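What you are looking at is a predicted structure, and each value in this text was computed from that prediction instead of being measured.
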Amino acid sequence: MSPPRPRTRSTPARSGPDRPAQERPAQERPAKDRAGQDRPAKARIGPGASSDELRALLEPVVTDAGFELDSLDVRSAGRRHTVRMVVDSDAGAGLDDIARLSRAASDTLDRNEHVVGGSYTLEVTSPGVDRPLTVPRHWRRAHLRLVTVRPQPGSVLGDAVFAGRVGTAGEQSVTLLVDGRLREVRYADVAHAAVEVEFAPAPAKEIALLDPGAVEEEAAEHPGAEELGSGHDIAEGSR
């Protein structure tokens, strides 16, 4: 008879170097060798096709929870495996949402033990601000954020790295506010782009150029705020 299987609580992964994770050993079913003796089952988690198998297994769980599976990384060291899922959504991902998704993903892995042949650590997290903007949805979620762009060599954007604030993002290009002017940038001309960390609210004039509706909504919610001018921005950024 197999020994009783330990149970642990799911814990969401948090951003940062000390992100906790959950570890749940998968139940191992002994296989028979040629002499009919029990031998340990081989782990099936690893690079290549098994990663694709895990994605096919976990992506519906992520979708049902209202997220998109941004990336799935599987690393193995002997019979120990780390499965790291990065999920995202237009509304962002709170810690409670991450915790629920982590439990659902763990339950799915436990019900499909043929995929996991050894103990595993599951990390579920949302993207950090240093994630490169590589697909249109990344640009859409960076709306009104300041980004740094490194152009593709020889592209129409030139060779110099520049910064711009993100406006409307389409399927092929995005509108950026660069040095006070709106500029259409094709994704194909971008070698690398990432969001910059800002410690103060974006200037109202820049927001007005990129999204006039946002300024009108802000004015409706906070009447008289525009009269404070730049002093209001400074006060908001210092809190």
Practice item. Could I get the full list of salt bridge (Lys or Arg N to Asp or Glu O under 4.0 Å) partners for Asp88, not counting sequence neighbours? Key: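 By the salt bridge (Lys or Arg N to Asp or Glu O under 4.0 Å) rule, Asp88 matches Arg131, Arg141.
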Review point. Hey, is the main chain of Ser102 close enough, under 3.5 Å, to the side chain of Ser106 for a donor-acceptor pair?
Key: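 Yes, the answer is positive, given that a donor and an acceptor are paired below the 3.5 Å cut-off.
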Review point. Counting only N and O atoms by type, is there a donor-acceptor contact under 3.5 Å from the side chain of Tyr187 to the main-chain atoms of Leu133?
Key: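 No, Tyr187 side chain to Leu133 backbone: no donor-acceptor pair under 3.5 Å.
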In Å and rounded to the nearest 0.5 Å, what is the [atom1] to [atom2] distance from [X] to [Y]?
X     : Y      : atom1 : atom2 : value
Leu72 : Asp52  : CG    : CG    : 9.0 Å
Leu57 : Leu109 : CG    : CG    : 6.0 Å
Phe67 : Arg100 : CZ    : CZ    : 8.0 Å

Counterpart residues, side-chain contact (heavy atoms from CB on, under 4.5 Å), relative to [X] (two or more places apart):
X      : value
Glu171 : Pro136, Arg140
Val86  : Asp70, Ser71, Arg84, Thr125, Pro127
Ala194 : His192
Arg186 : Ser173, Ala188, Asp189

Review point. Looking only at heavy atoms, what is the nearest atom pair of Pro151 and Leu157, with distance?
Key: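 Heavy atoms only, the tightest pair is CB-CB, 3.7 Å.
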Check your understanding: What closest approach, in Å, do Ser89 and Gly66 show between heavy atoms, and which atom pair accounts for it?
Key ->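 Smallest interatomic distance, heavy atoms only, reads CB-O, 3.7 Å.
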Exercise for review: Mind checking side chain to side chain donor-acceptor pair (under 3.5 Å) for Thr63 and listing every partner two or more places apart, or none if nothing turns up?
Suggested key: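 By the side chain to side chain donor-acceptor pair (under 3.5 Å) rule, Thr63 matches no residue at all.
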Review point. For Arg150, which residues count as a side chain to side chain donor-acceptor pair (under 3.5 Å) partner, sequence neighbours excluded?
Key: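 So Arg150 forms no side chain to side chain donor-acceptor pair (under 3.5 Å) with any residue.
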Check your understanding: Are Val178 and Val174 co-members of a hydrophobic cluster defined by side-chain heavy atoms under 4.5 Å apart?
Key ->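 Looking at the clustering, Val178 is in the same group as Val174.
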Review point. Same cluster for Leu54 and Leu69 if Ile/Leu/Val/Met/Phe/Trp/Tyr side chains link at under 4.5 Å?
Key: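 Per the 4.5 Å side-chain linkage, Leu54 and Leu69 are co-clustered.
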Name each donor-acceptor pair under 3.5 Å that joins a side chain in residues 195-209 to protein atoms two or more places apart or in another chain, with its distance.
from   : atom 1 : to     : atom 2 : distance (Å)
Glu196 : OE2    : Thr148 : OG1    : 2.7
Glu198 : OE1    : Arg165 : NH2    : 2.9
Glu198 : OE2    : Arg165 : NH1    : 3.1
Glu206 : OE1    : Arg165 : NE     : 2.5
Glu206 : OE1    : Arg165 : NH2    : 3.3

